[in-house]
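Both backbone and side-chain heavy atoms feed into the values below; hydrogens, waters and symmetry mates do not. Not measured: the values here are computed from a predicted model.
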Amino acid sequence: MSLFAAIRLPREILFGKGQRHVIPTVAARLGRRALVCTDERFAATVAFAEIMAALDGASIDVLVQDRVLPDVPRDTVAACVEVARQFAPDMVIGIGGGSCLDMAKCAALLISHGGQLQDYYGEFKVPGPTLPLIAVPTTAGTGSEVTPVAVISDPDRTMKVGISSPYLIAAAAICDPELTMTCPPGLTAIAGADALTHAIEAFTAVRRGTDPSLPQQHVFIGKSALTDHFALLAIKLLGRSLEKAYRDPADEDARADVMMGALAAGCAFGTAGTAAAHAVQYPVGALTHTAHGLGVATMLPYVMKYNRAAAAAEMTEIGLALGLDGRDRSTGEMADAAIDEIGRLFGAIGITPTLAKLGLPADKLDWTAEQALGIDRLIKNNPRPFDLAAMRGLIQAAYDGDLAACVM
């Protein structure tokens, strides 16, 4: 028997219009004191005020940390936790984009286990369960509401760093598409493209085999039957509705599709992992200070082209999930059509097409290649192997906008 799968998810995932109204009910099952992590923008909204009033009506005391910053600077977590310890919360509620959810994960971790964030960098460093977390996304992209990872920025390191542990998975993910209705088109595009990149990299990741110890030794274990299911669902939903949500932010059905797509992509990559597009974005993001989702999306068509020789069958399925007609097309033709459709879609929603236009300095291409190749947890997940020359060629192609040069 060769069928193998593994997946790690929250105990409860609630999705749909109006689900934000059940936050007090879910929270009341976890305790009576909640640390709430959000950002200044969302804290000023009517929706946030209504959620706080509902928690108060349910006799749940709250301490609000409403100064979460993009990319979660390391020291802001320590400052939040110092205040929160005196409050002694029973739970943490993260409400906002990926940074708010990652701040909530990190706060729950340090309140529960102490120490510094640096103690937990990498995989399986969290020693046990943390305070229960309720994750409430207000953007549709990172999938952090269902994943076992938190990403932060450390002033002592050039690139962002991650903490990966099944103990960081939220107790409950509450996903209400109405909370995304005010996202501007640019943010909708970048977040949605991030989610689509998650799904495609999870679906084309290596298949590691059936070793029973694999999920016990690694947080991200490559593709499997269950992660494939979620990845294809994400590709289908995002492929049909991301451009619609970008062009008409008031389209409720498109907003729901995109949020469900981001959720499903998180369910996929939270176990399968991501690959080369994400590896390249780490050094590119450090140099250009561009949004994570924008950087990975810029790289995705080039990475897909590089991987075509090793993952043509998967790319055929991606093409079908995107709604492309597979009749009278060979596997290779469908793979190419899928890559072209991703390029078309990203162009239509304003994704920057090259690393040069992202602002990557021409004299940093070699450094970028070296750094990307060194991120082993991502590179080993790529379906086609890399050496330094291949990585350098990929980055040059993405810098020049030469998709054909990725066929090496």
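For the pair R308 and V407, the minimum side-chain heavy-atom distance is 4.5 Å or more. Residues D154 and Y121 meet the side-chain proximity criterion, which asks for heavy atoms closer than 4.5 Å. Between I163 and V149, the closest side-chain pair of non-hydrogen atoms is not below 4.5 Å. Taking 4.5 Å as the limit, every side-chain heavy atom of Q371 sits out of range of all side-chain heavy atoms of V280. The side-chain heavy atoms of L242 and I349, taken from C-beta on, include a pair separated by under 4.5 Å.
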Next on the checklist: Test salt bridge (charged side-chain N to carboxylate O under 4.0 Å, His left out) on R33 and D90; report intermediate values, then the result.
Outcome noted: CA-CA 5 Å; R33 299 172 70 80; D90 301 315; 5.7 Å; no

Next on the checklist: salt bridge (charged side-chain N to carboxylate O under 4.0 Å, His left out) for D39 and R67? Distances and angles first, verdict last.
Outcome noted: CA-CA 5 Å; D39 57 26; R67 294 294 186 269; over 6 Å; no

Checklist entry - Could you walk me through whether K223 and D228 pass the salt bridge (charged side-chain N to carboxylate O under 4.0 Å, His left out) check? => result CA-CA 6 Å; K223 70 191 269 103; D228 282 355; 2.8 Å; yes

Checklist entry - Could you walk me through whether R344 and E341 pass the salt bridge (charged side-chain N to carboxylate O under 4.0 Å, His left out) check? => result CA-CA 5 Å; R344 184 211 65 78; E341 173 60 13; 3.0 Å; yes

Checklist entry - Does the pair L355 and V284 meet the rule for a side-chain contact (heavy atoms from CB on, under 4.5 Å), with working shown? => result CA-CA 8 Å; L355 292 180; V284 168; 4.1 Å; yes

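Residues S144 and K105 bring a donor and an acceptor atom of their side chains to less than 3.5 Å of each other. Looking only at atom types and distance, the side chain of H278 has a donor-acceptor partner in the side chain of E201 under 3.5 Å away. Checked by atom type, the side-chain pair R392/T368 shows no donor-acceptor distance below 3.5 Å. Remark: the S153 side chain and the D71 side chain contain no N/O donor-acceptor pair separated by less than 3.5 Å.
Within a 6.0 Å radius of CD in E40, no more than 12 heavy atoms belonging to other residues, nucleotides or ligands are found. Taking a 6.0 Å sphere around CD of E82, one finds it holds 12 or fewer heavy atoms contributed by other residues, nucleotides or ligands.
Using cut-offs of 30° and 60° on the angle between ring planes, the pair F42 and F48 is perpendicular.
Between E252 and K17 there is a salt bridge, since at least one side-chain N of the basic residue sits less than 4.0 Å from a carboxylate O of the acidic one.
Under the 3.5 Å distance criterion, the side-chain polar atoms of D176 are matched with a main-chain donor or acceptor of G18. Side-chain N or O atoms of N381 include one that pairs as donor or acceptor with a backbone N or O of T274 at under 3.5 Å. Between the side chain of T271 and the backbone N or O of R8, at least one donor-acceptor pair lies under 3.5 Å.
Partner of H198 under the side chain to side chain contact (heavy atoms under 4.5 Å, CB included) criterion, out of D194, I200, L196: D194 alone. Among the candidates D119, D102, D156, the single residue satisfying the salt bridge (Lys or Arg N to Asp or Glu O under 4.0 Å) test with R74 is D156.
Outside the 6.0 Å centre-distance limit, the rings of F220 and F269 are not counted as a close aromatic pair.
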